[in-house]
Amino acid sequence: MMKIRKAVVPVAGLGTRFLPATKAIPKEMLTVVDRPTIQYIVEEIVASGIKEVVLVTASGKSAIEDHFDYSYELEIFLAQKGKLDLLQEVRHISDLIEVVSVRQKEPLGLGHAVKVTEPVVCNEPFVVVLGDDMVDAKVPCVFQMLKVFEEFQQSVVAVQKVPLDEAHRYGIIEGKKVAEGVYKVERLIEKPAPGTSKSDLAIIGRYVLRPEIYGCLHKTLPGVGGEIQLTDALDCLRKEQGLYAYEFKGSRYDAGDKMGYLQATVNYALAHPDLGGKFKEYLKKLVADLDD
Ligand code: UTP
């Protein structure tokens, strides 16, 4: 089986849940502590051994490409001022990855965002990592999934348990457990109406996909919300080849949602090497004052 070299990162969504912040700034560029969300995502991809990133972008998203490009004026300025630590930091960001961008001309859904990458990914397996879905884990989530892919040789979706009354907000899988944390998927339902599935295993923003997904995407008609749903194409892949779901180890934050973003900020601030201690003291005092 071929080594996985490419990560597709869709960032072409409109971010309506985070308006007005996202009117002129892509949600993937919103800062969690000291870095934009997208940098955490890219660092996870790099830590998993992948260096080629295919960004699916749209108009108004060029700040993301700039963030991973050299910035000559800034670098010359920092060099002249002798700010070498900062110079190294901004260079490090650009050197993390090789970026290829593909435009999604209309926001026709996540499935469509993956479909437009076909000419650059072609005929090899790849990972998809959503640009606003953060996972904090000892072993990077993408790396965990690559291990499952190596073992089972079929496409893998990341899942986590969610409260049953929230299941209708996710793509849900039903399946048979085949190994610790691994399920063979038997059914996929995008945003199930309450009461239509007993499963609490929700798909989150990490996928390892075999290239046959493109054939399935070509056959997928617009589904829920008029969008081309990746979940529908995954169901086609399941029928044609089989599909596995993996309950990853780690904490996931939906940073494209205001509440998820706040939780991510607190989590990453507490874990920050310089700020963590002071922030913890601050939180403790805040909580004590709230209890009074
Ligand atoms: P979301 O549904 O979280 O993104 O899609 P959104 O549409 O920007 O969010 P809201 O609901 O309006 O707030 C998950 C991921 O898929 C990308 C998004 O950028 C996000 O990273 N996406 C979604 C696309 O690239 N294209 C699309 O047509 C839809």
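In each ligand, atom 1 is the first atom listed, and ligand 1 is the first ligand listed.
- Lys61 places a side-chain N or O within 3.5 Å of a backbone atom of Gly13 that can act as its donor or acceptor partner.
- Those atoms of ligand 1 with a heavy atom of Gly131 less than 4.0 angstrom away are 21 (O).
- Only the backbone of Leu108 comes within 4.0 Å of ligand 1, judged by heavy-atom distances.
- Glu75 and Tyr70 are not linked by any side-chain donor-acceptor pair at a separation below 3.5 angstrom, with hydrogens and angles left out of the test.
- Residues Tyr40 and Tyr268 have side chains in contact (heavy-atom distance under 4.5 Å, counting atoms from C-beta outward).
- Of the protein's non-hydrogen atoms, the one nearest atom 21 (O) of ligand 1 is Pro10 O, 2.9 Å.
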Salt bridge (charged side-chain N to carboxylate O under 4.0 Å, His left out) between Asp132 and Lys27, intermediate numbers included = CA-CA 7 Å; Asp132 58 353; Lys27 64 176 167 182; 2.7 Å; yes
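- The closest protein non-hydrogen atom to atom 8 (O) of ligand 1 is Gly15 N, 2.8 Å.
- In terms of protein heavy atoms, atom 22 (N) of ligand 1 is closest to Gly13 N, 3.6 Å.
- Scanning the protein for heavy atoms near atom 28 (O) of ligand 1, the closest one is Gly109 N, 2.8 Å.
- Not a single heavy atom of His112 lies less than 4.0 angstrom from ligand 1.
- Of the protein's non-hydrogen atoms, the one nearest atom 14 (C) of ligand 1 is Leu130 CD1, 3.7 Å.
- For the ring pair (Phe, Tyr, Trp, His ring centres under 6.0 Å) with Phe152, the qualifying choice from Tyr183, Tyr244, Tyr246 is Tyr244, the only one to do so.
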Determine, step by step, whether Arg169 and Asp257 satisfy the salt bridge (charged side-chain N to carboxylate O under 4.0 Å, His left out) criterion, reporting the C-alpha distance in whole Å, the side-chain angles of both residues, the deciding distance to 0.1 Å, and the verdict.
-> CA-CA 12 Å; Arg169 290 173 27 203; Asp257 167 78; 5.5 Å; no
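- For atom 5 (O) of ligand 1, no protein heavy-atom neighbour is present inside the 4.0 Å cut-off.
- The nearest non-hydrogen atom to atom 26 (N) of ligand 1, considering only Lys258, Gln104, Glu227, comes from Gln104.
- Residue, atom and distance of the protein heavy atom nearest to atom 25 (O) of ligand 1 are Ala12 N, 2.9 Å.
- Near Pro107, the atoms of ligand 1 lying under 4.0 angstrom from a non-hydrogen atom of the residue are 28 (O).
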Tell me, with the steps shown, if Glu124 and Arg5 meet side chain to side chain contact (heavy atoms under 4.5 Å, CB included).
-> CA-CA 9 Å; Glu124 53 183 282; Arg5 302 183 301 159; 2.6 Å; yes
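- With respect to the salt-bridge test (charged N to carboxylate O, under 4.0 angstrom), the residues Lys83 and Glu89 do not qualify.
- Not a single heavy atom of Glu106 sits less than 4.0 Å from an atom of ligand 1.
- Against a heavy-atom cut-off of under 4.0 Å, Thr16 is close to the following atoms of ligand 1: 10 (P), 11 (O), 12 (O), 13 (O).
- The single protein non-hydrogen atom nearest to atom 16 (O) of ligand 1 is Leu110 CD1, 3.6 Å, given as residue, atom name and distance.
- Nearest-residue assignment for atom 13 (O) of ligand 1 (options Glu28, Arg17, Lys61; heavy-atom criterion): Arg17.
- Here the rule is side chain to side chain contact (heavy atoms under 4.5 Å, CB included) with Val9, and of Ile45, Val127, Thr117, Val128 only Ile45 fits it.
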Derivation and outcome, salt bridge (charged side-chain N to carboxylate O under 4.0 Å, His left out), residues Lys147 and Glu150 = CA-CA 5 Å; Lys147 292 276 150 220; Glu150 258 171 39; 3.7 Å; yes
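- Every atom of ligand 1 with a heavy atom of Lys27 under 4.0 Å away is listed here by number and element: 1 (P), 3 (O), 4 (O), 6 (P), 8 (O), 9 (O).
- Those atoms of ligand 1 with a heavy atom of Ala113 less than 4.0 angstrom away are 24 (C), 25 (O), 26 (N).
- The aromatic rings of Tyr214 and Phe126 sit parallel, their planes meeting at an angle under 30°, below the 60° perpendicular limit.
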